[in-house]
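Note sheet for the following structure.
Computed over heavy atoms, backbone and side chain alike; hydrogens, waters and symmetry mates excluded. Along the sequence shown, residues are numbered consecutively beginning with 1.
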Amino acid sequence: MARPTDPDPRATLRGGLPDRYLNPDDIAELFEVPLETVYQWRRKRTGPPGFRIGKYLRYDPADVRAYVSQRKTVDRDAA
């Protein structure tokens, strides 16, 4: 979970590229889903693309932003 001194990941994405990569806890908080859902997305390859640095899973904020934009377009086209 985010520590009290950590910035809100949603504000980070709205305000521009952060100076750090996001972790699974950040993604769960950003999308307001359980952490296990983030890992299921990863296994099913349905969520934002992530990458590994050693044993750690990280997400590039630019990729997350692109994923959100793509989902909005898909949902808008389906309506």
Side-chain angles (χ1 to χ4, degrees):
M1 241 9 193
R3 292 171 293 223
T5 58
D6 289 345
D8 178 359
R10 291 170 290 195
T12 300
L13 287 176
R14 286 190 298 267
L17 290 176
D19 57 357
R20 67 178 182 85
Y21 291 114
L22 301 171
N23 61 40
D25 288 326
D26 294 328
I27 298 299
E29 185 176 335
L30 176 69
F31 290 107
E32 299 178 352
V33 298
L35 184 58
E36 183 57 33
T37 298
V38 175
Y39 290 117
Q40 286 177 14
W41 289 344
R42 174 85 172 154
R43 282 191 294 275
K44 295 177 183 178
R45 300 178 188 261
T46 59
F51 60 96
R52 289 217 172 266
I53 298 293
K55 66 179 183 177
Y56 300 101
L57 180 58
R58 295 294 181 253
Y59 295 86
D60 186 327
D63 292 341
V64 175
R65 193 176 302 119
Y67 169 78
V68 169
S69 295
Q70 183 259 342
R71 293 299 311 154
K72 286 181 177 179
T73 301
V74 167
D75 287 349
R76 189 176 13 205
D77 291 346

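The two residues L22 and P61 have their closest heavy-atom pair at CG-CG, 4.1 Å.
Listed by first and then second residue, the side chain to side chain donor-acceptor pair (under 3.5 Å) pairs that reach into residues 37-46 are E36-R43, sequence neighbours excluded.
Once rounded to the nearest 0.5 Å, the distance linking CG of L30 with CG of D25 reads 12.5 Å.
For the side chain to side chain contact (heavy atoms under 4.5 Å, CB included) test with I27, the passing option among L57, V33, V64 is V64; the others fail.
Checking side-chain atoms of D26 against main-chain N and O of N23 turns up a donor-acceptor pair under 3.5 Å.
With sequence neighbours left out, the side-chain contact (heavy atoms from CB on, under 4.5 Å) criterion links Y67 to F31, P48, P49, Q70, R71.
Taking the ring centroids of Y21 and F51, they lie under the 6.0 Å cut-off.
Summarising the local packing, OH of Y56 is surrounded by 12 or fewer heavy atoms from other residues, nucleotides or ligands at distances under 6.0 Å.
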